[in-house]
Every structure is written in C-alpha cells, then in structure tokens.
Amino acid sequence: MRRECHPLLSGGRTRESKHNHGLSSAEMESLASLCETILPSLPPPVTTLDGKQNQPTKAVQALYRASGSQTPMPDEIAELLMKRGLREAVFLVRLVLWLLSTRLGTFLLCGSLCFGERWLCIKNFSSISLDKREKVLQKWFKRRFFTPIRAAFVYVKVLCVFVFFSRVGQNGDNPAWEAIEYCAGTDENPDQVPKERPLQKGLIDTNQETDSTLLRSLTEKGLEVTRDPRRNLCKIKCDVVIVGSGCGGGVAAAVLAASGQKVFVLEKGNYFTATDYSGLEGPSLAQLYESGGLLTSADAEVIIMAGSAVGGGSVVNWSASIKTPNSVLQEWTKNQKIPLFGSPEYLSAMDTVCARIGVTENLILTGCKAERFILENNKGLGKRKQKCLGVIAKIINNNIITRLQIEAKVTISACGALLTPPLMISSGLKNQNIGRNLHLHPVLMAWGYFPESNSEFKGKVYDGGIITAVYEVVAGDSTVRAIVETPGLGPSSFSVLCPWVSGHDMKNRMMKYSRTAHLITIIRDSGSGKVTTEGRISYHLDASDRDNLKVGLRQALRILVAAGAVEVGTHRSDGQRIKCRGIKKEDLEEFLDTVYATRGAMSPEEDWMFYSSAHQMGSCRMGLNEKEGAVDENGESWEAEGLFVCDASVLPSAVGVNPMITIQSTAYCLSQKIAESLRKD
C-alpha cells in the first residue's frame, strides 16, 4: 500500500498554468524538438526483451508512444534549467536553442542534414525529419570539436529524461513506471515504520511562521530575543550557534547541549522522519539534496550528491557505516602531524558514534540560511587577529523578511565541505586553504542485466536493503585501489546516467530498469578540487585516480558476470556493453581491456562518461599551521577566535570509505574540546 507522506515529498502539487522560465517561443520550439528526438514516439515492440513474440501491455504501448515533447514536459524542463543550471550552462543551452531556431544556425550546427528536398532549401531544426534530427544528435554526442555544443545537448538530454521519469501526478504516479515495472512509495509493513519525531520539541519550522510569530516562537524556546525594527533585524543570544545539522553539526549539537550549553542550530533544509518519506524520486531529490540532486562540477563531469535537510548526509546515507581505516589514521597522524587521529579519544569516539550518542534537546531553526559570520578585530590576548561573535542569517521562507543576528560565545560552521568554504570566504576570511583540497571520492558504475526468465535472483533492483557488503579491490602490495558497493537508483537517476545512443535504445534500456543491477567503484582520490563560491565546484582527477577507477570498474564487471548477468556494460557515451551468457574468459578479458575511465563531455575525447560523488571532504582541512590548513587541531579557524568547523571539510584528505563515521567521530572529539574550553570560561 502507498504510504502517507510529508506534503513536500508527495509531488503532484497543483502546478501554475503560467510558467516563469523566460524562454522565448522560438527557443521553446527548438527545445521541444530536441526532447522529441531524445525520447521520440515509437511503435510498440512486438517482441519481449528476450526476443520472444509477445503482445505488449497497454502500459508498454503507452511508454513507447509517449514523447519528450508532450505538454507540459518542455516547459518543466525549461523551468528546471533556469532554476538549477549554472550560469554558463544556461547561456550555452539558450544560445544553441536560439541557433537551432534559425536556418543559418541550424546549418552551422547540423550541416547538410538540414537540407530540404528542394535545392538550397535549408530548414530550421524543428522542421527537419525525426530521423535526421536523431543523426544530428548522434553526431554531436560523439563530436570531438566544439565540445561546448556537445555539452549543451548533454544538458538537455539529462533534464529531459530526468523530468520524464521523475514527474508525478496528483496521485503520486508516473505513466512510465508501470511499463518499466517500478512501484514507488509502498510499504509491506507500514505499522513497522517508526513514528517518532525526536527533534520536534526543539524545532521551529519557518514554513509555518511569519515575522510576527517567529519572535514569539524563539522566545518560547528559551532564547534571549530582541527586535531592531529600524534595521529589520532580530537579535538572538545563545552559548553556541551551529550552522548546519548534518553528520558534524548534529553530533556537535548533541555533545555541547549535553554539556549544559544553550545550543541554537540553523538549517536551511526541512525536517523529515521515517513516516514522512514517500519514495517518490523527483520530490525527494528536490527536498533532500543540494540543487535537487542536479548539482555538477563546473565542467559537468561530476554529478555531486550532497544531503540538504535536517541531518544532512546522514539522512541520505545508503546505510554504509564504516570506521576510518587504520592506514588513513596513521597517515593523518604521521604525515599530516595531527595527533588527534592517533589518540585513544578518537578511537573511543568511533565506538561512541557507532553506538549512537542519543538525542538531546537542541533548538533547530529550519529554512534558515547563514549569510556571513560576525567578525571583529580581536582586542584580547589571543593569537588570532579576529574574533567571531556569531552569524547573520536570513529566512528562506518568503513570509518572513526579518533577518537574524545570532550572538554566541562559540560559532560552529557545519554546513559541509561544499558550503562551509563559501560561507567563510564571504565573511572575509582569507586563509589559502579555505575551499581548496576538495576531495569527492569519484564514482563510476558498472551495470548488469538479469532477466527474470533465467536468473535465480528474484524481485526488483529497488526491493530490499541497499548495501549489505563492501568489496575491496586490492593491489599486489595489499594496497586498496578501490572499493565496490551497490547503489540505489530510481528511474530518473538511472535514465540520467544511461548513455543516449538513439531514442529507441533509450526506451529499450529503460524497459530493463527493474532487473538491471549496478555496482559502484569508489576510490580514495589523490586529485582534488576547489569550491570558493556556492554552487561552483572545480575538480581534477589525476592519472592514478583514473587508473584505480579503471581497475575497480573492470572488477565490478567481472562480479556481475560471475553473478549471472546476461549483459553487462558501463555508462560510457558510446553505450559500451557486451552479451555475456556463456562468454569465454578470453573474450570477457578482451572486452575488459576496452574499459577505462575516460573524461567528461567537455573533454576533446570522442567517448566520455559521467562521474558521480556522494562524499565531499577536505575543503577546510586541519593543519599543523595556517600554511598547512584552514583550521587547527581543535577545529578552530587560524584567523578568527571562537569560529570552529565541525564537518567533512576539516578532514586532512580523502578517507577512501564512506566517511560518515569519520565525520561524526571527528566532530565528537572537536566538540568535546569546545565543551571543555567553555567550562573553563
């Protein structure tokens, strides 16, 4: 049965009849034509995926006859482009759409394929036949030159399939799901879903507040609140203010509250618990992830998944809880010269967070975004030039225009490796390590198709648990080169990663969705990136990273073949795959020799891949001194007294495994030190 869920996760809310994307009618005509080419209306298949004669069901017929250009798909894609796209991506896509709306622009981009039947008759893109439009896209998806144009087409493909397979109606359903045998938002045993809302007592949801009620709610929670109407400012005093409630901020809040401090947590996301979840991919991505799950690196090579709700990354963790490897702890202790990670306190902290530290009463304000830290010249005897007095924040909710000034003895930034650096930089901090050394644990995926007719595995890929094991790919000297895990992919995520070879191939691939298993290859990256402005992430894989990904990807494919897959492949743009029923070992190895970690769509290579990242860390790393790190061993900024960082950004380098336990353990140790210093004061 379909579960009841939070309204924000239900989808299907009444849509406004008027769209606000701002694209012209000419641009929309080109966009609709591109969407029709990516997902065209096709005659239903007369055979099953196994090649047997079969009358397709009504749902399968409807899927094949459906088109990406159907109303209101192009408008929803345009809305998503304008809302989520990077500035240069929006400019590039709109430029291409405008060019394709003209005959001259179409000729420049499509060449002779735009010629009509009459001599020197040039058509614009939407007037070209569907089969010629498909050839244009196939040409541009492989084009080595003018890669920005290819990137624009890729951007449209991603948004098109994402919207097509994630949009839901008023009843929380999608017409394509029945055909691909996907059933979302159901519980076999709904009575077993925990109904507790442990943080509700200390929560203020700004979606339910106005300017007049917010002050009263804050006061009722025991905070000292004053109003400055001249500056439209609400001043709040507390002992500790924490920006972010994820793996680091949540642990820090619990430890400091348990030590007797009045803790105030600011969180821009919303609060959801087990009973709230819908299983609907589109609405859930929009509410639980940064940029609705569509955040990418600046070159669009890496799709970056980062939690954005109360609980941060711990809310969307795929249930993998792994302690920091001993080799990593030794490296951080000896090479980075940070004794914390070799201390008994850290080892004890890992045991503590694994056993859960329990829930303490904190005050959490949701829908609240920090703008900058309040810094002043340090007049005391401290070594740091500045002192942090708190944070200025705004409410995202349009019903509230009052800004907040939270003053505290201690200010903690815990908004994650992607958002802590921009916040520190916008506050005026200038340490050279802020925003650099960003590690992403880049991921490539292998897939294997297991048809129901000849597989011992029952059920669908989305049934049951998520991760039950982690497989290490080890070199001859016992060094771990990669780890292999299983991901959870909904239909829209699956379609985004699927290479587009043709409209027919795309729909055939989606028909295999429910029985296509994926394995992810994760590496401990040596390369790194930079994030100094919110939403703008640059990242570089070095040669050893690509080599380790290649080794891991090949091993993942071997595992899928050994498990009984009849077809395996990667997400390389050329649709790389091989039929493997009864395959000889030498033939498999010959195929595996062609598998490697290529670059992204903006590279000059003919074939390219999307990388993924669910782990971000290191962008405000700890260091022995201010030249080596942005914060000291206690997590305190080298520049501002009283400003601490307690999230993944303080980690000295990549961890190499799912980092949740490492982040929580580090935050536990740092917040214990902060609590001790506050007790002394």
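Reckoned from all heavy atoms, side chains included, excluding hydrogens, waters and symmetry mates.
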Contacts of [X] that satisfy salt bridge (Lys or Arg N to Asp or Glu O under 4.0 Å) - sequence neighbours left out:
{"X": "Glu181", "answer": "Lys460"}
{"X": "Glu134", "answer": "none"}
{"X": "Arg524", "answer": "Glu331"}
{"X": "Arg599", "answer": "Glu605"}

Does a donor on one side chain and an acceptor on the other come within less than 3.5 Å for [X] and [Y]?
{"X": "His540", "Y": "Asp542", "answer": "no"}
{"X": "Gln616", "Y": "Ser613", "answer": "yes"}
{"X": "Tyr64", "Y": "Asn508", "answer": "yes"}
{"X": "Tyr596", "Y": "Asp547", "answer": "no"}
{"X": "Ser24", "Y": "Glu27", "answer": "yes"}
{"X": "Asp525", "Y": "His441", "answer": "no"}

Closest non-hydrogen atom pair between [X] and [Y], with its separation:
{"X": "Cys580", "Y": "Val561", "answer": "SG-CG2, 4.1 Å"}
{"X": "Ile522", "Y": "Glu485", "answer": "CD1-OE1, 3.7 Å"}
{"X": "Thr147", "Y": "Ser603", "answer": "CG2-O, 3.0 Å"}
{"X": "Pro499", "Y": "Gly575", "answer": "CG-CA, 3.7 Å"}
{"X": "Ser297", "Y": "Asp299", "answer": "OG-OD1, 2.7 Å"}
{"X": "Ala306", "Y": "Leu418", "answer": "CB-CD1, 4.0 Å"}

* So Glu79 and Asn20, side chain to side chain contact (heavy atoms under 4.5 Å, CB included) or not? Walk me through it. -> CA-CA 7 Å; Glu79 293 277 5; Asn20 300 313; 4.2 Å; yes
* To do: Would you confirm whether the ring centroid of His518 sits within less than 6.0 angstrom of the ring centroid of Phe494?
  =>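 Between Phe494 and His518, the centre distance is under 6.0 Å.
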* To do: Determine, for Asp505 against Arg577, whether the closest basic-nitrogen to carboxylate-oxygen distance falls under 4.0 angstrom.
  =>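 Between Arg577 and Asp505 there is a salt bridge, with a charged N closer than 4.0 Å to a carboxylate O.
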* Pair Thr420-Asp647, side-chain hydrogen bond (donor to acceptor under 3.5 Å, both in side chains): steps then yes or no -> CA-CA 8 Å; Thr420 281; Asp647 59 28; 2.7 Å; yes
* To do: Answer yes or no: are there more than 12 heavy-atom neighbours, outside Glu472 itself, under 6.0 Å from its atom CD?
  =>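 Open: at most 12 neighbouring heavy atoms sit under 6.0 Å from CD of Glu472.
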* Over 12 foreign heavy atoms within 6.0 Å of CZ, Arg546 ->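 Yes, the 6.0 Å shell around CZ holds more than 12 heavy atoms from other groups.
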For [X], which residues count as a side-chain contact (heavy atoms from CB on, under 4.5 Å) partner, sequence neighbours excluded?
{"X": "Ser69", "result": "Ala32, Glu36, Ser67"}
{"X": "Ser538", "result": "Lys530"}
{"X": "Asp587", "result": "Ile583, Lys584, Glu590"}
{"X": "Lys83", "result": "none"}

Per-pair distances, 0.1 Å, donor-acceptor, side chain in residues 95-103, under 3.5 Å, sequence neighbours excluded:
{"residue": "Ser101", "atom": "OG", "partner": "Trp98", "partner atom": "O", "Å": "2.5"}
{"residue": "Thr102", "atom": "OG1", "partner": "Leu99", "partner atom": "O", "Å": "2.8"}
{"residue": "Thr102", "atom": "OG1", "partner": "Gly105", "partner atom": "N", "Å": "3.0"}

Within this structure, what is the [atom1]-[atom2] distance for the pair [X] and [Y], rounded to the nearest 0.5 Å?
{"X": "Ser166", "Y": "Leu280", "atom1": "OG", "atom2": "CG", "result": "10.0 Å"}
{"X": "Leu549", "Y": "Thr521", "atom1": "CG", "atom2": "OG1", "result": "7.0 Å"}
{"X": "Met424", "Y": "Thr532", "atom1": "CE", "atom2": "OG1", "result": "13.5 Å"}
{"X": "Ile303", "Y": "Thr296", "atom1": "CD1", "atom2": "OG1", "result": "8.0 Å"}
{"X": "Cys415", "Y": "Glu534", "atom1": "SG", "atom2": "CD", "result": "8.5 Å"}
{"X": "Ile77", "Y": "Leu80", "atom1": "CD1", "atom2": "CG", "result": "8.5 Å"}

* **Heavy-atom check, side chain of Arg621 versus side chain of Asn433, under 4.5 Å** =>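 Yes. Closest side-chain heavy atoms under 4.5 Å.
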* Should Leu651 and Thr662 count as side-chain neighbours, where that means a heavy-atom distance under 4.5 Å? ->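 Of all side-chain heavy-atom pairs linking Thr662 with Leu651, at least one is under 4.5 Å.
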Parallel, tilted or perpendicular: rings of [Y] and [X] (30°, 60°):
{"X": "Trp140", "Y": "Phe153", "answer": "tilted"}
{"X": "Trp608", "Y": "Phe610", "answer": "perpendicular"}
{"X": "Tyr462", "Y": "Tyr513", "answer": "parallel"}

* **Inter- and intrachain pairs under side-chain hydrogen bond (donor to acceptor under 3.5 Å, both in side chains), touching residues 490-502, at least two apart** =>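 Sorted result for residues 490-502: Glu281-Ser492, Glu281-Ser493.
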* **Those residues that, when tested against Glu29, pass side-chain hydrogen bond (donor to acceptor under 3.5 Å, both in side chains) (two or more places apart)** =>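 side-chain hydrogen bond (donor to acceptor under 3.5 Å, both in side chains) check on Glu29 returns Ser126.
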* Derivation of the side chain to side chain contact (heavy atoms under 4.5 Å, CB included) call for Lys142 and Asp607 -> CA-CA 7 Å; Lys142 281 186 168 292; Asp607 299 319; 3.6 Å; yes
Between [X] (side chain only) and [Y] (backbone N and O only), is there a donor and an acceptor less than 3.5 Å apart?
{"X": "Thr516", "Y": "Gly448", "answer": "no"}
{"X": "Arg481", "Y": "Val474", "answer": "no"}
{"X": "Trp447", "Y": "Thr570", "answer": "yes"}
{"X": "Lys507", "Y": "Pro40", "answer": "yes"}

* To do: Sort and list the pairs that fulfil salt bridge (Lys or Arg N to Asp or Glu O under 4.0 Å) and have at least one residue in residues 285-297, not counting sequence neighbours.
  =>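 Qualifying pairs: Lys268-Glu290.
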* Asked: Has Lys512 got its NZ or CZ under 6.0 Å from the middle of the six-membered ring of Tyr449, at an angle within 45 degrees of the ring axis?
  ->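 Yes, Lys512 lies over the aromatic ring of Tyr449.
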* To do: May I have the step-by-step check of side-chain hydrogen bond (donor to acceptor under 3.5 Å, both in side chains) for Gln576 and Thr594, ending in yes or no?
  => CA-CA 9 Å; Gln576 184 181 46; Thr594 68; 3.2 Å; yes
* To do: Check the pair Leu285 / Phe162 against side chain to side chain contact (heavy atoms under 4.5 Å, CB included), numbers first and verdict last.
  => CA-CA 11 Å; Leu285 286 170; Phe162 179 86; 3.6 Å; yes
* To do: Please step through side chain to side chain contact (heavy atoms under 4.5 Å, CB included) for the pair Glu88 and Arg536, ending with a clear verdict.
  => CA-CA 11 Å; Glu88 57 266 46; Arg536 296 201 58 82; 2.6 Å; yes
